[in-house]
Amino acid sequence: MQSINMELVQYSELFLLIAAFVYTAAFMLFAVDMIRSSATIRRVEAELAAENMTERQLVSSGAGEAPRDQAPHQQVPSEELVDEEMAYLGTRRPFANVAVALSVLAVAAHAFAVASRGIAANRVPWANMFEFLTTGALVVAAVYLLVLTRKDVRFLGTFVLGLVVTMMVSATIGFPTPVAHVQPALQSPWIAIHVSLAVMAISLFTLTFAMNVLQLIQHRRELAQAAGSTRSGWQFLRLVPSAISLENWAYRMNAVGFVFWTLGPLITGAVWAEEAWGRYWGWDVKEVWTFVIWVVYAGYLHARATRGWTGNRAAWLSIIGFGCIIFNYAVVNVYFPGLHSYAGLPD
């Protein structure tokens with residue numbers, strides 16, 4: 001067995017600390033952008049009013065007709081400032097844009113930290129709870145930035161990076177684990193497939209959790225608006241898609257995450273269990289909770305697709321599924337003895 005490169009481990013820890021600080025700075029800037037949403041909304045409304053006035057002047061002077069294919073931000077009704085497809089509005093949001101740039105830097109540092117830890121130990125860097133949380137936080141942030149290249153989901157920045165920072169702090173405080181070789185049960189090629197699929201699923205479920213929470217808040221705002229309320233506390237939600245749009249996108253992403261969860265923890269987990277312990281299923285507490293999570297999300301997808309469970313009911317069912325994931329990894333892994341006990345705190 002090859003020795004551990006302790007110098008590379010030190011670099012990994014340093015870059016992980018750097019990534020955590022940069023994530024925190026990005027989170028704070030996203031929060032400032034949200035707080036300053038009223039000023040952003042006033043600026044966008046002024047820009048839209050100026051553009052509409054120019055178009056009316058052109059039409060009235062006979063210089064030409066208004067273009068049929070308008071830019072995405074011109075298709076948005078005056079009351080809402082973001083369309084249902086989350087297309088980029090071209091709005092100037094300097095704090096959010098700097099936060100995105102910092103997030104890219106943080107992901108680069110984070111990726112180096114995770115990769116160097118794995119290289120130092122000559123194995124995949126997700127063999128215990130510390131590594132699972134730090135790798136999971138990296139994938140959550142990377143998936144968010146990937147989605148951000150296609151959709152204007154800057155409104156999710158505060159929620160997503162808040163969860164990323166929480167995961168990294170939880171890993172450092174709750175599960176500090178020195179770099180070491182893994183136990184024999186984990187010395188299998190299946191660990192790369194099994195855990196990576198689980199991380200991908202959880203990263204998508206994390207994003208949909210943030211969307212569902214925003215959906216519930218947006219729904220309350222829409223009800224208040226329908227009742228004639230003009231509460232200023234709802235202002236930042238004008239830069240957020242409607243509750244229906246948030247739910248539709250959460251449903252799509254949950255469907256993809258469900259596929260990863262089915263292939264990862266459920267199917268490859270059973271195959272790995274047969275290789276390691278001679279049986280595909282043994283009612284171990286970890287296996288049971290993996291199946292519980294699968295059932296909750298399967299019920300969510302089925303109810304949403306065939307029973308018409310839309311709106312708040314679907315959002316709450318998705319949030320319950322994410323709560324089961326948190327319980328599975330924060331409680332079951334640590335406090336419930338079983339064949340998967342090595343996945344929690346180090347021996």
Side-chain angles (χ1 to χ4, degrees), residues 107 110-111 114-115 117-118 121 123-147 160 163-164 167-168 171 175 182-183 185-211 250-277 279-282 284-302 318 321-330 332-333 338-344:
V107 166
H110 196 169
V114 170
R117 185 179 176 97
R123 58 171 174 78
V124 293
W126 49 68
N128 50 62
M129 278 297 293
F130 174 86
E131 295 175 354
F132 185 86
L133 283 171
T134 53
T135 303
L138 170 63
V139 175
V140 170
V143 169
Y144 171 68
L145 291 179
L146 182 63
V147 174
V160 172
L163 290 170
V164 167
M167 292 172 71
M168 297 186 72
F175 307 99
V182 297
Q183 299 186 26
L186 295 177
Q187 296 174 6
S188 168
W190 284 108
I191 189 174
I193 303 172
H194 174 74
V195 182
S196 61
L197 288 172
V199 169
M200 284 299 301
I202 292 175
S203 67
L204 291 172
F205 291 149
T206 301
L207 291 179
T208 59
F209 168 74
M211 283 187 172
Y251 170 71
R252 298 175 194 177
M253 296 175 70
N254 272 333
V256 178
F258 179 75
V259 173
F260 283 127
W261 190 262
T262 302
L263 294 175
L266 212 61
I267 294 178
T268 63
V271 175
W272 190 7
E274 197 280 332
E275 179 187 279
W277 303 315
R279 88 292 186 279
Y280 291 100
W281 186 266
D284 180 73
V285 62
K286 181 73 172 179
E287 296 170 345
V288 170
W289 272 95
T290 297
F291 183 66
V292 167
I293 294 168
W294 186 88
V295 169
V296 172
Y297 278 102
Y300 159 82
L301 293 173
H302 177 75
S318 176
F322 188 76
C324 291
I325 291 175
I326 298 300
F327 182 82
N328 185 32
Y329 285 94
V332 173
N333 275 5
L339 292 172
H340 293 77
S341 296
Y342 51 73

Side-chain donor/acceptor of E287 to backbone N/O of G282, under 3.5 Å: yes

Is any side-chain heavy atom of V160 closer than 4.5 Å to one of V140? yes

CZ-CG distance between F322 and N328, expressed to the nearest 0.5 angstrom: 12.0 Å

Shortest non-hydrogen separation from V107 to A141 and the atoms involved: CG2-CB, 3.7 Å

From CA spacing to verdict: side chain to side chain contact (heavy atoms under 4.5 Å, CB included), V195, V124: CA-CA 10 Å; V195 182; V124 293; over 6 Å; no

Can you list the residues that meet the ring pair (Phe, Tyr, Trp, His ring centres under 6.0 Å) rule with Y280, with sequence neighbours excluded? none

Centroid separation under 6.0 Å, is that true for the rings of F175 and F130? no

With sequence neighbours left out, which residue pairs that include part of residues 264-277 fulfil the salt bridge (charged side-chain N to carboxylate O under 4.0 Å, His left out) condition? none

Output the distance between atom CE (M168) and atom CG (L133), rounded to the nearest 0.5 Å. 10.0 Å

Of all residues at least two apart in sequence or in a different chain, which pass the side chain to side chain donor-acceptor pair (under 3.5 Å) check with W289? none

If you compare all heavy atoms of I191 against all heavy atoms of W126, which two are closest, and at what distance to 0.1 Å? O-NE1, 3.1 Å

Hey, what do you get for CZ (F327) to CD1 (I293), rounding to the nearest 0.5 Å? 10.0 Å

Which residues satisfy the ring pair (Phe, Tyr, Trp, His ring centres under 6.0 Å) test with Y251, sequence neighbours excluded? none

Under the salt bridge (charged side-chain N to carboxylate O under 4.0 Å, His left out) rule, what pairs show up with a residue in residues 123-143, not counting sequence neighbours? R117-E131, R123-E131

Could you work out, with side chain to side chain donor-acceptor pair (under 3.5 Å) as the rule, every residue matching S318, not counting sequence neighbours? N212, N254

Y144 vs T206 side-chain heavy atoms within contact, under 4.5 Å: no

Hits for ring pair (Phe, Tyr, Trp, His ring centres under 6.0 Å) against Y329, two or more places apart or cross-chain, chain-then-number order -> F132

Just by distance, do the side chain of T135 and the backbone of P125 share a donor-acceptor pair under 3.5 Å? yes

What pair of heavy atoms forms the shortest contact from V292 to C324, and how long is it? CG1-SG, 4.4 Å

List the residues meeting ring pair (Phe, Tyr, Trp, His ring centres under 6.0 Å) with F205, not counting sequence neighbours, and say none if there are none. Y297

Looking at H110 and T134, would you say the former's side chain and the latter's main chain have a donor-acceptor pair under 3.5 Å? yes

Quick one: pull up OG1 in T208 and OH in Y300 and give me the separation to the nearest 0.5 Å. 7.0 Å

Those residues that, when tested against V295, pass side-chain contact (heavy atoms from CB on, under 4.5 Å) (two or more places apart): F291

Test side-chain contact (heavy atoms from CB on, under 4.5 Å) applied to V271 - qualifying residues, sequence neighbours left out: W190

Any non-hydrogen side-chain atom of R279 less than 4.5 Å from a side-chain atom of D284? yes

Hits for side-chain contact (heavy atoms from CB on, under 4.5 Å) against H194, two or more places apart or cross-chain, chain-then-number order -> P265, T268, W272

Using atom types as modelled and distance alone, determine if a side-chain donor or acceptor of W261 lies under 3.5 Å from a backbone N or O of T290. yes

One should read off an interatomic distance between S203 OG and L163 CG, to the nearest 0.5 angstrom, of 12.0 Å

A111: side-chain contact (heavy atoms from CB on, under 4.5 Å) partners, not counting sequence neighbours: L138

